[in-house]
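Encoded as structure tokens, the structure appears first; notes follow it.
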Amino acid sequence: MTTFHSTRSKTDSLTSKQAIRKGIADDGGLFVTDSLGETTVDVASLVGKSYQDIAFAVLSVLLPDFGEDELRECIGAAYGEQWSDDRITPVRPLGDDFVMELFNGPTCAFKDVALQILPRFMSHTVSEHGDDEKIMIVTATSGDTGKAALAGFADAPGTGITVFYPEGRVSPVQQLQMTTQAGDNVGVCAVRGNFDDAQTQVKKIFGDAAFNARLAQEDHVVLSSANSINVGRLVPQVVYYFSAYAQLVEAGDIELGEQLEFVVPTGNFGDILAGYYAKLLGLPVRKLTVASDKNNVLFDFLTTGTYNRQRPFFQTISPSMDILISSNLERMLYYMSEKDSRLISMLMTDLNDWGAYEVPPELLRRIRTVFNTGWADEDQVRAMIADCWNEHGYVIDPHTACGYFVMHEMPREENTKRVLLATASPYKFPRVVDEALGLDASGSDFECMDVLSKATGTAIPAMLRNLEDAPVRFDDVVDVDGMESYVGDCAARL
Ligand SMILES: *Cc1c(COP(=O)(O)O)cnc(C)c1O
């Protein structure tokens with residue numbers, strides 16, 4: 001029986017459905033299962049299969065309490081026509097290496113892979129308090145997550161979603177992506193303050209017992225979060241590692257059984273952790289390479305064994321990787337420490353109390369047998385966007401460029417073939433990409449898209465280009481103090 005408990009204690013015993021509904025453990029830990037890896041996935045059987053069939057094979061191992069019909073229904077709805085490539089996460093050659101595109105979903109960022117299916121999972125979880133209870137997702141976003149969550153939860157049965165973004169601090173394209181969102185169950189609101197102010201207030205709203213009790217009683221609404229610590233956001237990402245492998249075997253680029261290296265632009269450690277889960281499930285992975293931007297807290301941790309969040313925060317041209325606390329690292333430490341929840345609990349207490357922790361040298365050595373690391377500053381990111389275009393005729397976004405830099409900086413291990421994960425469409429960051437390529441970036445973001453398309457002969461994703469004329473549905477702006485009542489109003493409308 002696969003059950004889930006906290007990384008920080010082993011007392012809970014939840015099904016995957018319960019873990020998905022609950023999101024985070026009461027002690028602040030992340031849900032994990034000790035059964036991970038007991039059942040493996042037969043890689044040979046995946047070659048030639050569709051993404052949807054690969055998803056079924058992988059997810060039925062990771063979420064065994066979902067029925068076959070339930071899982072197939074979730075997968076069918078999540079990975080359908082809304083993707084612009086029917087391989088969902090296509091792998092393409094990039095010189096001697098490969099790139100896997102994770103950005104062909106409805107919002108052009110890799111978060112779609114998980115956020116298209118999370119709402120479908122959630123509607124199959126039933127509350128202990130009865131069927132009429134609805135879930136209200138509340139999220140503060142610095143850009144990408146908000147739109148991907150809105151697109152996933154819009155009109156999803158039994159759910160609603162409220163997204164807050166810092167006024168004037170997301171890109172014009174990102175803002176329009178959110179404020180033009182359709183759906184009867186969505187709310188989008190700007191906050192006077194920065195991302196941290198909004199994020200801190202969202203946490204306070206989750207912790208406001210009186211407010212939560214009132215929502216439960218008057219509106220039958222319970223608040224939940226769609227951030228990347230949810231099991232239901234993590235496990236869909238395991239699928240594309242298997243898909244990449246199956247695609248490469250099918251194309252004759254690798255032999256069955258050959259080990260691969262994956263290079264992953266990393267922020268909250270969710271994407272790369274999914275690669276580690278894939279390895280534990282039997283995928284031949286030699287190395288997983290953590291690529292960071294200038295916020296290189298993970299590089300320092302993986303090279304010294306000390307995680308120290310007390311450092312300056314840099315706002316960079318790869319905003320989705322600008323992170324000081326990399327939450328999902330906790331799950332990696334749990335498995336790497338041979339499931340030592342007492343150690344994890346101590347480390348996380350240190351992080352909370354002192355802003356830092358240090359792992360035993362033996363644990364760091366073991367981690368390094370699997371995880372490589374590197375980072376790129378903003379000049380290097382710009383240079384790599386140009387290099388990738390000049391060398392390979394392939395346009396990458398600033399996040400992917402961090403990975404591209406690290407991949408080229410590091411010596412190839414024993415002829416291992418490498419797959420770079422491309423996490424966003426370059427058209428989400430058209431100004432930075434135009435500047436890096438020496439193109440005219442003086443116009444609006446939409447003009448920058450047109451310039452990029454003309455110069456590179458690549459197509460602008462329609463959902464981004466069409467934003468220029470899409471009707472804006474939300475122009476609310478609140479102070480931090482007004483966020484709670486905004487959530488209350490949204491909940492009352494559900
Ligand atoms: C979220 C995001 C990342 C970082 O992924 P994690 O799972 O948080 O490590 C990288 N690139 C883009 C474009 C993203 O949106």
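Both counts, for ligands and for their atoms, begin at 1 and track the order of listing.
The single protein non-hydrogen atom nearest to atom 12 (C) of ligand 1 is T423 OG1, 3.5 Å, given as residue, atom name and distance. Atom 7 (O) of ligand 1 has D271 N, 2.9 Å as its closest protein atom, hydrogens excluded (heavy atom only). Looking from atom 9 (O) of ligand 1 to the surrounding protein, the closest heavy atom is G267 N, 2.7 Å. With hydrogens left out, the protein atom closest to atom 6 (P) of ligand 1 is N268 N, 3.5 Å, a heavy atom.
Between D397 and ligand 1, no N or O atom pair is found at a separation short of 3.5 Å. In terms of N/O distances under 3.5 Å, ligand 1 is not approached by A424. Taking only nitrogen or oxygen atoms, main chain and side chain alike, A109 does not reach within less than 3.5 Å of ligand 1. In terms of polar-atom proximity, defined here as any N/O pair under 3.5 Å, Q237 makes no such contact with ligand 1. In terms of polar-atom proximity, H399 is not counted as a contact of ligand 1, lacking any N or O under 3.5 Å from an N or O of the ligand.
Here Y51 and Y240 keep their ring centres 6.0 angstrom or further from each other. For H399 and F110, the gap between ring centers reaches or exceeds 6.0 Å.
No more than 12 heavy atoms of other residues, nucleotides or ligands lie within 6.0 Å of CD in E81, so this atom counts as exposed by the packing criterion. Annotation: N390, atom CG; neighbour count of heavy atoms from other residues, nucleotides and ligands within 6.0 Å is above 12. Few gaps surround CD on E409; more than 12 heavy atoms of other groups in view lie less than 6.0 Å from it.
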Q) Between F371 and F269, is a ring-ring contact (aromatic ring centres under 6.0 Å, His included) present by the stated rule, with each step listed? A) CA-CA 12 Å; F371 291 92; F269 212 80; 5.7 Å; yes
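Each of the atoms 6 (P), 7 (O), 9 (O) of ligand 1 lies under 4.0 Å from some heavy atom of G270. Which parts of ligand 1 touch P265 is read off a 4.0 Å heavy-atom cut-off, strictly below it: atoms 4 (C), 10 (C). Near F269, with a cut-off below 4.0 Å to any heavy atom, the atoms of ligand 1 are 6 (P), 8 (O), 9 (O). Close contacts between ligand 1 and T266 involve ligand atoms 9 (O) [criterion: under 4.0 Å to a heavy atom]. Contact atoms of ligand 1 toward F110: 1 (C), 2 (C), 3 (C), 5 (O), 7 (O), 14 (C) (distance under 4.0 Å to a heavy atom of the residue). In the vicinity of M321, heavy-atom distances shorter than 4.0 Å reach the ligand 1 atoms 10 (C). Interface atoms of ligand 1 facing K111, defined by a heavy-atom separation under 4.0 Å, are 1 (C), 2 (C), 3 (C), 14 (C), 15 (O).
The backbone N or O of V264 sits less than 3.5 Å from a side-chain atom of T266, completing a donor-acceptor pair.
Using a cut-off of 4.0 Å between Lys/Arg side-chain N and Asp/Glu carboxylate O, R418 and D97 are scored as salt-bridged. Between D197 and R169 there is no salt bridge, since no side-chain N of the basic residue sits under 4.0 Å from a carboxylate O of the acidic one. Between E378 and K294 there is no salt bridge, since no side-chain N of the basic residue sits under 4.0 Å from a carboxylate O of the acidic one.
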